Amino acid sequence: MSASVAKQPSKNAPKTNPGATGAAGATGGPPVIPLASPLMGKKKKPFLGMPAPLGYVPGLGRGATGFTTRSDIGPARDANDPVDDRHAPPGKRTVGDQMKKNQDDDDEDLNDTNYDEFNGYAGSLFSSGPYEKDDEEADAIYAALDKRMDERRKERRELREKEEIEKYRMERPKIQQQFSDLKRKLAEVSEEEWLSIPEVGDARNKRQRNPRYEKLTPVPDSFFSKHLQTGENHTSVDPLKGLGGLNTPYPGSMTPGLMTPGTGDLDMRKIGQARNTLMDMRLSQVSDSVSGQTVVDPKGYLTDLNSMIPTHGGDISDIKKARLLLKSVRETNPHHPPAWIASARLEEVTGKLQVARNLIMKGTEMCPKSEDVWLEAARLQPGDTAKAVVAQAVRHMPQSVRIYIRAAELETDVRAKKRVLRKALENVSKSVRLWKTAVELEEPEDARIMLSRAVECCPTSVELWLALARLETYENARRVLNKARENIPTDRHIWITAAKLEEANGNTQMVDKIIERAITSLRANGVEINREQWIQDAEECDKAGSVATCQAIIRAVIGIGIEEEDRKHTWMEDSDSCVAHGALECARAIYAHALQVFPSKKSVWLRAAYFEKNNGTRESLETLLQKAVAHCPKAEVLWLMGAKSKWLAEDVPAARSILALAFQANPNSEEIWLAAVKLESENNEYERARRLLAKARSSAPTARVFMKSVKLEWVLGNIEAAQELCTEALKHYEDFPKLWMMRGQIEEQCDNMDKAREAYNQGLKKCPNSVALWLLTSRLEERVGQLTRARAILEKARLKNPQSPELWLESVRLEFRSGLKNIANTLMAKALQECPNSGILWAEAVFLEARPQRKTKSVDALKKCEHDPHVLLAVAKLFWSERKITKAREWFLRTVKIEPDLGDAWALFYKFELQHGTEEQQEEVRKRCENAEPRHGELWCAESKHVLNWQKKTAEILAQVASKIKNTF
């Protein structure tokens, strides 16, 4: 409600109410005229007394507006008051709702945030204006244009919408799509698994969720008899009252036999008999029913049920779809054989064998010229019916080889098979397959006759010619092979067979000629000589025992198609390949040819010598080495291999003579001097060894010669002589760490710890990079109880020799031996950071962990050092500790294959076989270790280099190391 006053009069002037004036004028009543008015004497205005015009507001012209009173607008209403229309829809039932709606309709959001440069305001600017006819026409025109444009873009829009929906579905698939694969897998869920799935959201208590089924236990007759006898009030049972349940109408139910003779008591034994009689009677009623089932066989019934269950794994709906689809194919194109075959197989899979047979027989009628349909029909039919089907197929297709073969397979008697095949050969005489099948059934003499006929009918079959040649005599076989070469001049197998024939009959000089002629003839007939194929043929000849043919082929083709600079490399690869395939004679022939071409190549002689050592005899090795030293007299290793071979054969004079020849070819050679010393010392010729070493020190004074001199005196117990020689040697070779080590170890042996420490310290000054010297010094301090000094020495060693895994490993073990496992783990972590690819550190780290974490640590170790023998050995030990014998053996084998020079691996492997293997396995490990002759390994070197074990063989050291290994891991 608003009110305003136009002009304030003077204080003494009476107040006027314009609203009241307006109200009087508006109602048409006579206006109230003041008593003292200046208008009294004027003329009356013409509009006075007339009704006010429409829209007239009194005083509006002079700026005065009337008051609006409650009488003008009616009684006041609250916003929650209902409107007069009691049937108004929701949202319009109160005064506040209608006012809010009117306000929303009137207010237009013309804010800048609702304005777009292209589309303008979001709403209509003239929505509040009147909607006239021209507006309706404009809207109709625009709607027609929109519809027309929408039809033009409809196809593209629908395609785009479809793509967007597919993309959206791919990014956010429905729940149904996400679980579609799991739905398919529900077919694999068994009934027991399905029933064991718990109910979702079952809020019942345990007793309700797992109801106990009512247990009905039959009460024994003794229970009734006991209570009948001990009853207080009733000592007998009236059969008419107490056993109403026995009034069941069956014959003989209420006979007097139920009563014990002479008394009124009930006989419980007869009740049990009556119950059994009732059961038998009901069973007989079931098994001899009037409906036609005369016998009930439970086992047979279950078997029939199993046979009715389809054996396919598909869905029933899929089977129906496939059946419908195949039916459509058959009806569309009834002469299409695969449709009939697929239909029959579908019915066979679903267990409807008779339907499948009917379908395939219909297929034979529609496709009588299809081999596949006839063969499928023969497969589906039982024995005699299948024979009839095949006979019918032969009438339709007398030239079909496969049908004849099937007919022969259906026959069980050998004579019948021969008869079928001979009949087939009358109709199809050019079939190699039929001839081969027929010949396989014949005796050798009959087979030879048949093959002579077969090669006339099939002159281009190499297999038939070669089979005939194998059955003929030597002279006839030569003629047969000559005819075969005339008929098939482009096949190499005939030539190779001819060479093998000559070799088998002792005519080895012809073998090379035949192979050379073969190469020439095949080239003349335009055949490309494939080197790999010929080498494969040579390997087959080698495995068949035809050594001369094999070697002749190798000599003929080994140089074909190879560049001159690639010959040596390629031939070595070929020899390795032959060895891997087990063709040793081929490899020997390749080495022989390579040595003829490269007689002065030391590497080729060495590889050939190693080949003979591993795969040949001692005589072949010595023969080869004699040729080798004749061509390469400066190759010391060849001389030494020859001398060692003689020595292992216990032919010491021959070994000495070889070394004497080696001295002549290589004067003042350190290796040969030391080999001669070892030969004499191993054969207990100590004075000879001393004289040889003295000569060597005078003529070829090297650090190794001095070291061997000291070692000889040391092991023989001449400590003073050893110390003197060591002092003399250190004057000349003070930077040779092994001399310092030997000096310190000799002092340790004599319990002179101070002198030993002094020797090690002097050695470290001269050889600060010798890791072994640092380790010996640290162990000496640890042995005398100076752990702090040992730690300081190792830290100093690590500073002098960074990234040395051996020093880190010794530091870790020092702490572990001291009982400080936490410090050991910390040091190991630092060591692995500095040496992340060290196998010995990772192997030690595996067993520093607790048992549950060892497997995880071993996986990390294998990732870092996949082919490190120490890591592989640690994994083998891990499996051994877990009693996984087979896996442990596999990892031991892998370790010794990767690094056969690691003695620790052989010792652990041997210990493992001693505990879990057979005697054969133990012997195999021992022999392989002897052949490998390992030199390295922490445990191995501790025994093999001990002065007391200097004359022990590899097998003895192996057994000794294995005996000292304890399964502490």
Side-chain angles (χ1 to χ4, degrees), residues 703 706-707 710-711 713-715 717-731 733-802 804-821 823-824 827-828 831 840-841 844 903-904 936-950 960-961 964 968:
F706 273 103
M707 182 188 72
V710 175
K711 181 74 178 288
E713 299 297 339
W714 185 13
V715 297
N718 301 325
I719 302 297
E720 293 181 1
Q723 288 175 336
E724 290 175 3
L725 281 171
C726 193
T727 305
E728 183 184 352
L730 286 171
K731 293 177 183 177
Y733 305 101
E734 61 180 10
D735 58 345
F736 191 63
K738 287 189 177 180
L739 289 172
W740 293 106
M741 289 186 227
M742 292 174 74
R743 183 172 183 175
Q745 286 173 335
I746 291 171
E747 298 294 346
E748 277 191 64
Q749 186 177 341
C750 299
D751 290 333
N752 296 327
M753 298 300 176
D754 294 333
K755 290 185 178 180
R757 186 183 292 116
E758 183 184 353
Y760 289 147
N761 290 331
Q762 289 179 0
L764 288 175
K765 290 177 183 177
K766 302 294 182 182
C767 313
N769 296 323
S770 173
V771 174
L773 201 52
W774 286 105
L775 295 177
L776 285 172
T777 310
S778 169
R779 287 168 188 167
L780 173 64
E781 299 297 346
E782 183 184 1
R783 198 173 298 119
V784 299
Q786 298 289 337
L787 292 177
T788 307
R789 188 177 293 178
R791 285 193 193 99
I793 289 170
L794 288 173
E795 288 180 9
K796 188 176 180 182
R798 294 200 302 269
L799 290 174
K800 295 275 186 182
N801 303 280
S804 174
E806 292 84 5
L807 293 172
W808 279 108
L809 181 61
E810 184 64 23
S811 301
V812 172
R813 287 179 176 174
L814 176 66
E815 302 300 340
F816 192 80
R817 289 192 293 264
S818 304
L820 304 173
K821 191 173 179 181
I823 299 178
L827 278 174
M828 179 59 75
I840 56 173
L841 287 177
E844 187 74 15
D904 290 2
H936 297 90
E938 187 178 1
L939 302 173
W940 186 270
C941 291
E943 294 297 323
S944 63
K945 294 190 177 183
H946 197 279
V947 290
L948 300 177
N949 303 329
W950 71 285
Q960 192 167 341
V961 176
K964 292 191 176 183
T968 54

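Here, residue 1 is the first one in the sequence, and each next residue gets the next number. For clarity, every value in this text was computed on a predicted model and none was experimentally measured.
Among all heavy-atom pairs drawn from F706 and Y733, the shortest one is CD1-CE1, 3.6 Å. The minimum heavy-atom distance linking A756 with G744 is given by the pair CB-O, 3.5 Å. A pairwise comparison of heavy atoms in V784 and M753 identifies CG1-CG, 4.2 Å as the closest pair. Shown here for A729 and L739, the closest heavy-atom pair between the two residues is CB-CD1, 3.7 Å. Among all heavy-atom pairs drawn from V947 and Q749, the shortest one is CG2-OE1, 4.3 Å.
Applying the 6.0 Å contact sphere to CZ of F816 captures no more than 12 heavy atoms from other residues, nucleotides or ligands.
Atoms CG and CD1, from L776 and I793 in turn, are 11.0 Å apart once rounded to the nearest 0.5 Å. Once rounded to the nearest 0.5 Å, the distance linking NZ of K711 with CD1 of I746 reads 10.5 Å. Atom CG of L814 is separated from atom CD of E782 by 5.0 Å, given to the nearest 0.5 angstrom. To the nearest 0.5 Å, the span separating CG on L780 from OH on Y760 amounts to 6.5 Å. To the nearest 0.5 angstrom, I840 atom CD1 is 10.5 Å from E810 atom CD. In this structure, the separation between CG on L730 and CE on M742 is 10.0 Å, given to the nearest 0.5 Å.
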What donor-acceptor contacts under 3.5 angstrom involve side-chain atoms of residues 761-775, with partners at least two apart or in another chain?
from: N761; atom 1: ND2; to: R757; atom 2: O; distance (Å): 3.1
from: Q762; atom 1: NE2; to: E758; atom 2: OE2; distance (Å): 3.3
from: S770; atom 1: OG; to: L773; atom 2: N; distance (Å): 3.4
from: W774; atom 1: NE1; to: P768; atom 2: O; distance (Å): 2.8

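Sequence neighbours left out, the pairs with a member in residues 790-800 that pass side chain to side chain donor-acceptor pair (under 3.5 Å) are R791-E815, R798-S811. Note on residues 735-752: pairs passing salt bridge (Lys or Arg N to Asp or Glu O under 4.0 Å), not counting sequence neighbours, are E748-R783.
Panel note: side chain N949, backbone S944; no donor-acceptor pair is recorded below 3.5 Å.
With contacts defined as side-chain heavy-atom distances shorter than 4.5 Å, the pair L939/K964 does not qualify. When side chains are defined from C-beta on, W714 counts as touching Q745, because their heavy atoms get closer than 4.5 Å.
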